[in-house]
Amino acid sequence: MFNKRIKIKELLAAEPKSQEATVMGWVRTFRNNQFIALNDGSTNENLQLVLELGRYDDDLLKRITTSASLKVTGIVVPSLGKGQKIELKASTIEILGDSDAEKYPLQPKKHSLEFLREIAHLRFRTNTFGAVFRVRHALAFAVHKFFNDKGFVYMHTPVITASDAEGAGEMFKVTTLPFENTPRNEDGIVNFKEDFFGRATNLTVSGQLEGELAATAFSDIYTFGPTFRAENSNTPRHLAEFWMIEPEMAFYDLEDNMNLAEEFIKYIVQYALENNKEDIEFLSQRLADEEKQLPQDKRSEWGLMEKLQFVLTNAFERITYTEAIEILLQSNHYKKKKFQYDVRWGIDMQSEHERYLVEKHFKKPVIVTGYPKDIKAFYMRQNDDGKTVAAMDILAPGIGEIVGGSQREERLDKLEQRMKEMNIPIKEMWWYLDTRRFGTVPHAGFGLGFERMVQFVTGMSNIRDVIAFPRTPKNAEF
Ligand code: 4AD
Ligand code: MG
């Protein structure tokens with residue numbers, strides 16, 4: 001039986017009373033044929049194993065190389081070394097798996113994040129990625145806890161759909177039709193009637209529409225699943241496959257929606273800080289070290305820990321889109337022509353604009369409401385001015401847009417009219433419109449990009465470093 005082992009995290013918290021313990025893990029370092037630093041992923045801290053000189057065969061000692069896997073039984077004693085309370089005096093060492101030191105790609109030295117992306121199958125074995133992925137787990141768990149405690153129902157919305165929820169046309173097609181001799185109609189257009197589902201289908205860009213169907217029965221639901229966007233954006237904040245959390249609430253207006261989103265973000269940050277403090281402290285130090293390489297004006301004003309604490313204790317700023325544009329136009333940054341993209345009412349704000357508002361002007365998360373209807377999706381509730389919709393985006397320091405949401409258009413006539421204007425196929429979406437026909441209610445929801453949230457909490461500057469196996473343009477390795 002393998003399970004009679006103790007995880008290193010638990011062992012390190014124990015009192016050393018000369019008790020026997022068995023640990024298993026991977027060798028990080030082996031010094032002087034005497035000291036092994038063993039890691040099992042439960043924490044970034046290694047357990048020091050002490051080998052009595054002369055007790056083990058040279059053959060065995062040679063096989064204790066970086067990343068070899070071991071089973072070690074020994075006696076837990078107070079440590080004489082610095083920085084650790086306990087160590088394990090090894091009595092038996094079993095090598096479970098060898099690791100050829102000549103060939104192992106992850107040598108125990110500092111590697112760039114770019115290099116580690118090329119060996120993403122092994123990068124979990126570094127301190128940085130150990131910390132990032134334990135924090136990611138904590139955030140995911142906190143998402144479920146938050147909504148479960150509030151009585152929300154977790155919906156699994158489909159991954160394959162026949163609709164484009166965002167109406168942006170950035171979809172990956174799903175088909176089993178052959179590329180050669182593709183069945184076509186007389187007019188040369190591909191005949192999807194012969195396809196697997198008998199119609200054109202794609203990977204979902206959002207679970208929202210199905211979420212709305214469920215919210216108009218359960219009142220409060222949320223989704224948490226993968227979404228796919230074929231946008232050709234090669235940026236540190238875009239993935240072609242990312243995870244999104246989408247709560248949808250009946251009997252909610254835009255203000256209720258904002259309140260929930262703010263409470264939610266604070267809750268999951270707090271949860272990670274409480275449950276993964278050591279990992280976040282490690283990442284905070286990592287970020288500080290990384291930023292030392294940067295010129296003064298490119299460094300963050302605050303450390304990661306300070307930033308997270310600040311977010312927890314301060315209300316998010318709430319402004320309208322019109323106010324946001326006004327602030328940008330009045331800024332010295334604009335006057336000195338430092339923005340690359342144009343600023344005027346009606347633009348879809350670029351990340352440089354969002355980051356100016358958040359990082360330079362307000363220095364805290366900002367919720368922007370009332371966007372021009374022409375830059376937002378068809379389902380958003382139209383405001384009385386005829387120009388704007390009840391949308392809200394939350395912008396976060398260092399990230400830009402982290403949440404996109406809105407109150408939904410619950411009035412059938414207004415919704416149909418907007419769908420017509422935006423060329424959304426009304427007939428195909430009969431099921432969506434049925435919610436407005438039968439017991440329609442004011443309702444609202446939002447989507448939180450999970451990886452952007454993980455970036456925010458871990459301080460990782462590239463989104464490719466907070467998802468295990470990133471999918472980006474021209475990259476689907478592993
Ligand atoms: O603003 P978006 O497109 O909104 C929706 O999809 C709505 N259906 C949400 C809703 O109201 N239920 O996306 C929501 C969030 C963004 O704010 C961003 O954090 C993230 O999803 N996101 C991405 N994250 C990584 N890579 C991408 N390509 C992303 N596109 C959006
Ligand atoms: Mg958006």
Side-chain angles (χ1 to χ4, degrees), residues 139 143 147 152 155 157 161 163-172 203-215 220-249 252 254 256-258 260-261 264-265 268 321 348-351 354 358 365-369 371-372 375-381 389-396 398-409 424 432 443-457 460 462-467 470-473 475:
L139 290 168
V143 166
F147 288 117
F152 281 55
M155 293 298 303
T157 50
T161 72
S163 59
D164 177 0
E166 292 304 300
E170 291 162 337
M171 298 177 299
F172 289 100
L203 294 177
T204 187
V205 295
S206 153
Q208 181 193 319
L209 303 188
E210 291 89 354
E212 283 185 60
L213 309 181
D220 299 324
I221 67 95
Y222 70 106
T223 72
F224 186 177
T227 49
F228 307 86
R229 298 201 183 170
E231 53 188 337
N232 202 357
S233 305
N234 239 319
T235 82
R237 283 176 309 279
H238 285 88
L239 290 165
E241 176 180 300
F242 65 98
W243 287 66
M244 186 154 55
I245 296 124
E246 294 185 278
E248 190 71 33
M249 297 74 62
Y252 257 58
L254 191 65
D256 300 320
N257 203 24
M258 287 191 273
L260 183 76
F264 170 53
I265 289 175
I268 62 178
Y321 169 90
D348 198 358
M349 277 190 275
Q350 298 294 318
S351 117
E354 298 178 335
V358 174
V366 177
I367 312 185
V368 183
T369 55
Y371 282 82
I375 57 169
K376 288 291 183 189
F378 69 92
Y379 50 69
M380 296 194 181
R381 194 173 198 279
V389 286
M392 63 124 183
D393 278 7
I394 303 185
L395 315 178
I399 310 286
E401 181 191 335
I402 194 162
V403 161
S406 66
Q407 186 172 339
R408 318 305 190 190
E409 183 55 84
I424 308 290
Y432 181 68
H443 64 290
F446 62 86
L448 172 76
F450 188 56
E451 283 74 21
R452 291 190 188 175
M453 189 69 212
V454 181
Q455 278 190 278
F456 184 69
V457 177
M460 299 301 285
N462 196 312
I463 200 164
R464 292 164 179 79
D465 297 329
V466 298
I467 187 163
R471 301 293 179 246
T472 50
N475 172 37

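First listed ligand is number 1; within each ligand, the first listed atom is number 1. Residues: numbered from 1 along the sequence shown. From a predicted model like this one, the values you see are computed outputs, not experimental measurements.
- Ion pairing between a basic and an acidic side chain is recognised when a charged N comes within 4.0 Å of a carboxylate O; Arg237 and Glu401 show no such pairing.
- With a cut-off of 2.8 Å, the Mg ion (ligand 2) has an N, O or S atom of Glu401 in range.
- Remark: the Tyr222 side chain and the Glu246 side chain contain no N/O donor-acceptor pair separated by less than 3.5 Å.
- Counted by atom type alone, Tyr379 and Gln208 present one or more donor-acceptor pairs between their side chains at under 3.5 Å.
- Separating the CE atom in Met453 from the CD1 atom in Ile268 is a distance of 4.0 Å, to the nearest 0.5 Å.
- Rounding to the nearest 0.5 Å gives a distance of 5.0 Å between CG of Leu139 and CZ of Phe450.
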Exercise. Under the side-chain contact (heavy atoms from CB on, under 4.5 Å) criterion, do Ser406 and Val389 qualify, and how do the steps go?
Worked result: CA-CA 8 Å; Ser406 66; Val389 286; over 6 Å; no

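- Within 4.0 Å of ligand 1, protein heavy atoms belong to Glu166, Ser206, Gln208, Arg229, Glu231, Arg237, His238, Leu239, Phe242, Met244, Glu246, Tyr379, Glu401, Ile402, Val403, Gly404, Gly405, Arg408, Gly445, Phe446, Gly447, Gly449, Arg452, Ile463, listed by chain and number.
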